[in-house]
Structures are given as structure tokens and as C-alpha cells.
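All values reported here derive from a predicted model rather than from experimental measurement.
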Amino acid sequence: MFLLTTAAAPPAPVVVERDFAAQFARHGVQGSFLLFDAPAGQYVAYNPRRCRQRFLPASTFKIPNTLIGLQTGALPDTAEICRWDGVTRSFPQWNQDMTYARALRVSCVPCYRQLARRIGVARYWQWLPRLGYPGMVITPATLDTFWLGGRSRISQFEQVAFLRRLQAETLPVEVRHQRAVKQLLLLKKTPEYALYGKSGWRFRSAHNPDNGWLVGWVERPDGRRAYFALNVEPLPGPPNDDQFLASRRAVTEAILQELGWL
């Protein structure tokens, strides 16, 4: 008789709860923050239950969108020019021709809607499971908006898991494409650290408040890394778009400083 045995699954990383409410309140927002401390092999979470809640990815989806575009050839390279369609929008930086490298950095929604139509539903269905990017609901009717509205959802834990694979260049995408996208995510570099990230903003509607993201990672010169995902909503009161947009990076950097990463 042969006994088939399997190795035990590794234990799930520990989740350490921390209170960062003051950093959120200082910038007029509420929400949750998740960090994976790679050297310690554990998570640090503020509002961990909410970190498991799923939200629309908004412009954080530009990360997998760019990777899929490059891998499938729908986007030949990030120097490709996205032509302005002549429609004047409320974000002046969108009202011009630009490369897709710049489109990612300024979160140009019209450019990425064009790219989505090039990629097509079938290739999203094929590639998103390969990338391990869950929760996207894509139909022909929502092809160029599914990350902005509708039923698509992703959690902070899922965002961090995806970013860890991108940073390690272990996604099933050519390494040169992963490196190209990583380079576009660099927000700040100093002798002490390099900060990578991508923001997102799901604009408020009659039934939902603004919802904002900042996801990314920080690298130290000694090779230590931490991966993070912030999700915020405004505190009750009249909307203040400038404060809300600035809050994502301000809260993230304040927490990273408190944890000794910046």
C-alpha cells in the first residue's frame, strides 16, 4: 500500500494591527492601510477588516492594463503616442497628445480606455487570471470602463500580493515589460529609499463617496522592501477635491515614516 502525502502549507503571515487614525484624520479622510514587511514576513494593518473589503481599482488598474497591453502587443511600447481626441476634459493634463508612459503617470483615463478597446474582452479574460489579478468583471458593454464602474472589485491584500509578484518580476509577462512598468511607478528616489506607487480615484456618485488608492512599495539600499496599499474615503462634509487627492500620498508617507521605511 502506498500512502500519498503532501507537504503542509506554510503558515499564513501574521497580521499586526496598528492605529494610524490620527494620520488619516489629519488629512480629512478615513479608511485603511496595509503593509507587508518583507524582512519580517508579516503584515501591518490599520483597519484590517476593511483591508479585506473590495473596492473598484480605479487607476491602480493601469498597472496590469499596461502589462497586458505590452505583453499582447496591443501597446507596442510605452513610448507609443496616445492621440488626444479633441474633447476638453476637466483635467488639463489630459487634453493633449502624450506617450503611454506619461498617460500612466498622469492617470489619463481616455488613453487607457483607448488601450482597453485594443486589448479586447477575450484577452482580459485570458490574462487577468494569469496575472493573479482577481475580481474584475468584464463584458463587451463595460470593456473600456470596468475598472472605473460596475462590479469589478479588488482588496488591499490582493493589491499587495500582485505588487509583490511584479516587483520580483515573477509575473508570466516578459521581464522587459515588467521592468518598463516598474520604472514608470517610481515616485521618489533618495539615498535612503526608493518609493514606487500608483494612485487611483473613483469619483463620487449620488450613492457613493469618493474612494482613493495609493498602492506600491518602498525599497531600502540594503535590499529590504515593504509593500503597501492605502484606501481612503473623505470624512463627512463638503467635498474638497484638492485635499482628497493630496491625502493619499500624504497619509501613506506619514505612516511609512512612522514605521521607519522613509
Visitor: What do you reckon, is CZ of Arg130 surrounded by more than 12 foreign heavy atoms closer than 6.0 Å?
Guide: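 More than 12 within 6.0 Å, yes.
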Visitor: Membership question, hydrophobic clusters at under 4.5 Å side-chain separation (ILVMFWY): are Leu262 and Tyr196 in the same one?
Guide: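 Looking at the clustering, Leu262 is in the same group as Tyr196.
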Visitor: Any side-chain hydrogen bond (donor to acceptor under 3.5 Å, both in side chains) involving residues 108-118? Give me the pairs, sequence neighbours left out, ordered by first then second residue.
Guide: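 Passing the test, one end in residues 108-118: Thr66-Tyr112, Glu80-Arg118, Arg113-Asp144, Arg117-Asp144.
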Visitor: Which atom names give the shortest non-hydrogen contact between Gln156 and Ala229, and what distance separates them?
Guide: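 Heavy-atom minimum between the residues: NE2-O, 2.8 Å.
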Visitor: Can you find a pair of side-chain heavy atoms, one from Phe244 and one from Val232, that are under 4.5 Å apart?
Guide: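 With C-beta onward as the side chain, the pair touches.
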Visitor: What I'd like to find out is whether the side chain of Arg18 reaches to under 4.5 Å of the side chain of Ile255, using heavy atoms alone.
Guide: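 Result no, sub-4.5 Å side-chain heavy-atom pair not found.
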Visitor: Compare every heavy atom of Phe20 with every heavy atom of Glu258, then report the nearest pair and how far apart it is.
Guide: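 Taking Glu258 first and Phe20 second, the nearest heavy atoms are OE2-CE2, 3.7 Å.
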Visitor: So, taking the atom named OG in Ser247 and the one named CG in Asp242, what distance separates them when rounded to the nearest 0.5 Å?
Guide: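 So the gap between those two atoms works out to 11.0 Å.
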Visitor: So do Phe228 and Val44 actually touch side chain to side chain, heavy atoms under 4.5 Å?
Guide: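 No. Closest side-chain heavy atoms not under 4.5 Å.
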Visitor: So with a 6.0 Å cut-off around CG of Asp97, is the heavy-atom count from everything else above 12?
Guide: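 Yes, enclosed.
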Visitor: Count the heavy atoms belonging to other residues, nucleotides or ligands that lie under 6.0 Å from CD of Gln183, then report whether that count exceeds 12.
Guide: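 Count not over threshold, so no.
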Visitor: Please report whether the ring centroid of Phe61 lies less than 6.0 Å from that of Phe146.
Guide: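 Ring-ring flag for Phe146/Phe61: true, centres closer than 6.0 Å.
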Visitor: Could you tell me the separation between the CG atom of Leu67 and the NZ atom of Lys182, rounded to the nearest 0.5 Å?
Guide: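 NZ of Lys182 is found 11.0 Å from CG of Leu67.
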Visitor: Does the pair Asp222 and Arg220 meet the rule for a salt bridge (Lys or Arg N to Asp or Glu O under 4.0 Å), with working shown?
Guide: CA-CA 5 Å; Asp222 60 5; Arg220 304 284 297 191; 5.3 Å; no
Visitor: Hey, are the side chains of Tyr124 and Leu143 touching, using non-hydrogen atoms and a 4.5 Å cut-off?
Guide: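 Contact flag for Tyr124/Leu143 side chains = yes.
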Visitor: Scan Ile63, Asn231, Leu34 and name whichever one has a side chain to side chain contact (heavy atoms under 4.5 Å, CB included) with Val215.
Guide: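 Going through Ile63, Asn231, Leu34 one by one, the side chain to side chain contact (heavy atoms under 4.5 Å, CB included) with Val215 is satisfied by Ile63 alone.
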Visitor: Can you give me the closest heavy-atom contact between Trp84 and Trp94, atom names plus distance?
Guide: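 That would be CD1-O, 3.8 Å.
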Visitor: Between atom CD of Glu169 and atom CZ of Arg176, what is the distance when rounded to the nearest 0.5 Å?
Guide: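 Rounded to the nearest 0.5 Å, the CD-CZ separation comes out at 13.0 Å.
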Visitor: Any heavy-atom pair between the side chains of Leu56 and Arg153 that's under 4.5 Å?
Guide: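 When only atoms from C-beta onward are counted, Leu56 and Arg153 do touch, with a gap below 4.5 Å.
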Visitor: Is it true that Leu186 and Leu70 fall in one hydrophobic cluster, defined by side-chain heavy atoms closer than 4.5 Å?
Guide: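 Yes: a chain of side-chain contacts under 4.5 Å links Leu186 to Leu70.
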Visitor: First locate atom CD1 of Ile81, then atom CD of Gln96, and finally report the distance between them rounded to the nearest 0.5 Å.
Guide: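 The CD atom of Gln96 is 10.5 Å from CD1 of Ile81, to the nearest 0.5 Å.
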Visitor: Of all heavy-atom pairs between Asp210 and Pro234, which one has the smallest distance, and what is that distance?
Guide: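 Looking at all heavy atoms of both residues, the closest pair is O-CD, 3.3 Å.
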Visitor: Heavy-atom distance under 4.5 Å between the side chains of Tyr133 and Leu171, does that happen here?
Guide: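 The answer is no; the side chains never approach within 4.5 Å.
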Visitor: Would a 4.5 Å heavy-atom cut-off, applied to side chains only, mark Lys198 and Ser59 as touching?
Guide: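 Yes, close enough: below the 4.5 Å cut-off.
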Visitor: Using side-chain heavy atoms (C-beta onward) and a distance below 4.5 Å, is Phe55 in contact with Ile154?
Guide: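 Phe55 vs Ile154: side chains apart.
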Visitor: Got a second to check how far Gln23's CD is from Glu253's CD, nearest 0.5 Å?
Guide: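 Atom-to-atom, Gln23:CD and Glu253:CD are 13.0 Å apart.
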Visitor: Of Arg50, Glu233, Arg49, which is the lone residue that meets side-chain hydrogen bond (donor to acceptor under 3.5 Å, both in side chains) with Ser32?
Guide: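 By the side-chain hydrogen bond (donor to acceptor under 3.5 Å, both in side chains) criterion, Ser32 pairs with just one of Arg50, Glu233, Arg49: Arg50.
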Visitor: In terms of relative ring orientation, are Tyr43 and Phe157 parallel, tilted or perpendicular, with 30° and 60° separating the classes?
Guide: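 The rings of Tyr43 and Phe157 stand perpendicular, inter-plane angle above 60°.
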Visitor: Measure the spacing between CG of Leu184 and CG of Leu104 and express it to the nearest 0.5 Å.
Guide: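 Those atoms lie 5.5 Å apart.
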